[in-house]
Amino acid sequence: MKPLASLFPFNGEIFFFILNWQSDYNVKTDSPELIVFAPTLETWYEQHRRDLPWRNTTDPYRIWLSEVILQQTRVAQGLPYYLRFTETYPTLPDLARADERELLRLWQGLGYYSRARNLHQTAKFIANTLNGHFPTTYHDLLDLKGIGTYTAAAVASFAFGERVPVVDGNVYRVLARVFGIEEDITTSQAKKTFAALAIRLMAHAIDPATYNQSIMEFGAIQCTPVAPNCLFCPLQQQCRAYLTGRQQLLPVKKKKAPVRDRYLTYFVFRKGAGEAMQLALRERTGRDVWQNLYEFYGTETDEPASDWRSVDVPDEVNELVMQGVLVGPAIAEQQLLSHQRIRAVFYEISIPETSNVVLPKDLNWYFMDQVRRLPKPVLIATFVEKQFG
DNA sequence: AATTCGGGGCA
DNA sequence: TGCCCAGAATT
């Protein structure tokens, strides 16, 4: 019944663990904080639990349904949907027979619509291929479409009593605070850390299902994201976050920068031809992407620039433009960064050799061999290669 | 390992 | 507005 992973709480301690091997599975080497954690929450849960419909059943179908609905969804938002779904599709065969458009219509407003499609697909799979036999273990549940580590653990423990810990957003928050874990929870490394700790804590639970419910309920109504109720917290005196006043700082979560569209217009000033050709480049300064890399003279606009003439440039640059000749059509390039989508348009402008106009400040002429050696954004390098390579 | 996928509630 | 929510699939 106990997952093998329980025997290997933390990688670095396996050797130590073997030395302390008692006859049967045990975690006698765990500290008091680790041992008391689960039972404390289980006791708290019996006193504070909300009465929610999916907590009054052990029907794996209904538990699974509730868990899928509640993925990245608050209880208050998911509850009416759960009631409507169980009304319309009381059993798994009912869901398997459902018309998908109807099902999606019922799902409307919940978001993440692939959840609904996977739900239907898996219902049909269980009803038809598995002859209605709902998978009963964490391992087998993981194979189903739309069921990941969290949902597999939830169904396995709630419906079948398996001793596997759930690790969801609540668990991250509670564990990060109580045990003072500073790892960025958005990384996959942190996911391993929390999962390992969760397994270790689960080993001390009196009842796996109750403990899993308790830690999530605890995160939802006691150890809340903002303003946790530390004053009346049963773990107050062993909570690293509380004892160090870091409740608001944990869990550490890198906020993802929204993907931002940026529009650049470059003026590619060119002089001469062949290997004697020179391009005008400048170093990009400022705390921004491409800091200290070389690029052409360019300007950024909030919206796509319709034409190079619509772009505002300093007088000295405009003077340079007027001295030259626009060569060929504008060339558009795009570069995707993790948090930005940069769309650039290049205008090549040939400056007569005879021109004695001075380059604007910061801009300098570079021969092609120099150009190739200068560090440039991929966007610029790609352009140079295509155009002059 | 990073990105994408929704929509609602709340400070 | 930005953050967060009983995450999983995809790239």
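Since the model is a prediction, treat every value here as computed from it, not as a measurement. Lettering of chains follows the sequences in order, A, B, ..., and the numbering in each one begins at 1.
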Review point. Per the atom types in the model, does the base of dG6(B) pair as donor or acceptor with the side chain of Tyr112(A) at under 3.5 Å?
Key: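 Donor-acceptor pair under 3.5 Å: yes.
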With a 3.5 Å cut-off and just heavy-atom distances, do the side chain of Arg115(A) and the base of dC5(B) make a donor-acceptor pair? no
Rounded distance in Å - [atom1] ([X]) to [atom2] ([N]):
{"X": "Gln72(A)", "N": "dG6(B)", "atom1": "CD", "atom2": "C1'", "value": "10 Å"}
{"X": "Leu110(A)", "N": "dG9(B)", "atom1": "CG", "atom2": "P", "value": "12 Å"}
{"X": "Lys254(A)", "N": "dA2(B)", "atom1": "NZ", "atom2": "P", "value": "6 Å"}
{"X": "Asp168(A)", "N": "dG7(C)", "atom1": "CG", "atom2": "P", "value": "5 Å"}
{"X": "Lys191(A)", "N": "dA9(C)", "atom1": "NZ", "atom2": "P", "value": "10 Å"}
{"X": "Met216(A)", "N": "dC5(C)", "atom1": "CE", "atom2": "P", "value": "13 Å"}
{"X": "Tyr150(A)", "N": "dC5(C)", "atom1": "OH", "atom2": "P", "value": "13 Å"}
{"X": "Tyr172(A)", "N": "dG7(C)", "atom1": "OH", "atom2": "C1'", "value": "10 Å"}

Among [options], which nucleotide sits nearest the side chain of [X]?
{"X": "Glu217(A)", "options": "dA6(C), dA8(C), dG7(B)", "result": "dA6(C)"}
{"X": "Tyr113(A)", "options": "dG6(B), dA6(C), dA9(C)", "result": "dG6(B)"}
{"X": "Lys145(A)", "options": "dA6(C), dA9(C), dG8(B)", "result": "dA9(C)"}
{"X": "Pro225(A)", "options": "dC4(C), dG7(C), dG8(B)", "result": "dC4(C)"}

Just checking [X]: base, sugar-phosphate only, or nothing, at a heavy-atom cut-off of under 4.0 Å?
{"X": "Thr151(A)", "value": "sugar-phosphate"}
{"X": "Trp54(A)", "value": "base"}
{"X": "Gly148(A)", "value": "sugar-phosphate"}

Could you tell me whether Arg84(A) sits above the aromatic face of Tyr81(A), with NZ or CZ closer than 6.0 angstrom to the six-membered ring centre and within 45 degrees of the axis?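 Yes, a cation-pi geometry holds between Arg84(A) and Tyr81(A).
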| said: Tell me if the centroids of the rings in Phe383(A) and Tyr266(A) come within less than 6.0 Å of each other. | reply: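 No - the distance between ring centres of Phe383(A) and Tyr266(A) does not fall below the 6.0 Å cut-off.
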Sorted by position of nearest nucleotide on DNA chain B, 5' first, the leading residue of Thr73(A) and Val226(A) is Thr73(A)
Q) Between Thr149(A) and dA8(C), does any side-chain N or O lie under 4.0 Å from OP1 or OP2? A)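 For dA8(C), OP1 or OP2 has a side-chain N or O of Thr149(A) closer than 4.0 Å.
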Tell me whether the OP1 or OP2 atom of dG7(C) has a side-chain N or O from Gln71(A) closer than 4.0 Å. no
Non-hydrogen side-chain atoms of Lys253(A) and Tyr172(A) separated by less than 4.5 Å: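 No, every pair of side-chain atoms sits at 4.5 Å or beyond.
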For this session: Would you indicate whether the side-chain heavy atoms of Thr187(A) and Asp184(A) approach each other to under 4.5 Å?
Result: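 Yes - at least one pair of side-chain heavy atoms lies under 4.5 Å apart.
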Heavy-atom nearest pair, Ile206(A) first then Glu42(A), reads N-OE2, 2.8 Å
What interatomic distance, in whole Å, is found between P of dA11(B) and the corresponding atom of dA6(C)?
15 Å
- prompt: If the P atom of dT10(C) is compared with that of dG6(B), how far apart are they to the nearest Å?
  reply: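 Straight-line distance between the two P atoms is 14 Å.
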If you take any heavy atom closer than 4.0 Å to DNA chain C, which residues from residues 173-190 of chain A end up in contact?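 Arg173(A) - these, ordered by number, are the residues of the stretch whose heavy atoms sit under 4.0 Å from the strand.
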Start at the 5' end of DNA chain C and walk down; is the nucleotide closest to Arg50(A) or to Ile147(A) reached first?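 Checking each residue's closest nucleotide, the 5'-ward one belongs to Arg50(A).
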Atom CG in Leu279(A), atom NZ in Lys271(A): separation rounded to 0.5 Å?
->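 So the gap between those two atoms works out to 11.0 Å.
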Qualifying side chain to side chain donor-acceptor pair (under 3.5 Å) pairs with a residue from residues 305-323 of chain A, counting only residues at least two apart or across chains
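Side chain to side chain donor-acceptor pair (under 3.5 Å) check on residues 305-323 of chain A returns Asp307(A)-Arg309(A), Gln323(A)-Ser355(A).
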Given the options Thr210(A), Asp207(A), Asn212(A), Ser157(A) meets side-chain hydrogen bond (donor to acceptor under 3.5 Å, both in side chains) only with Asn212(A)
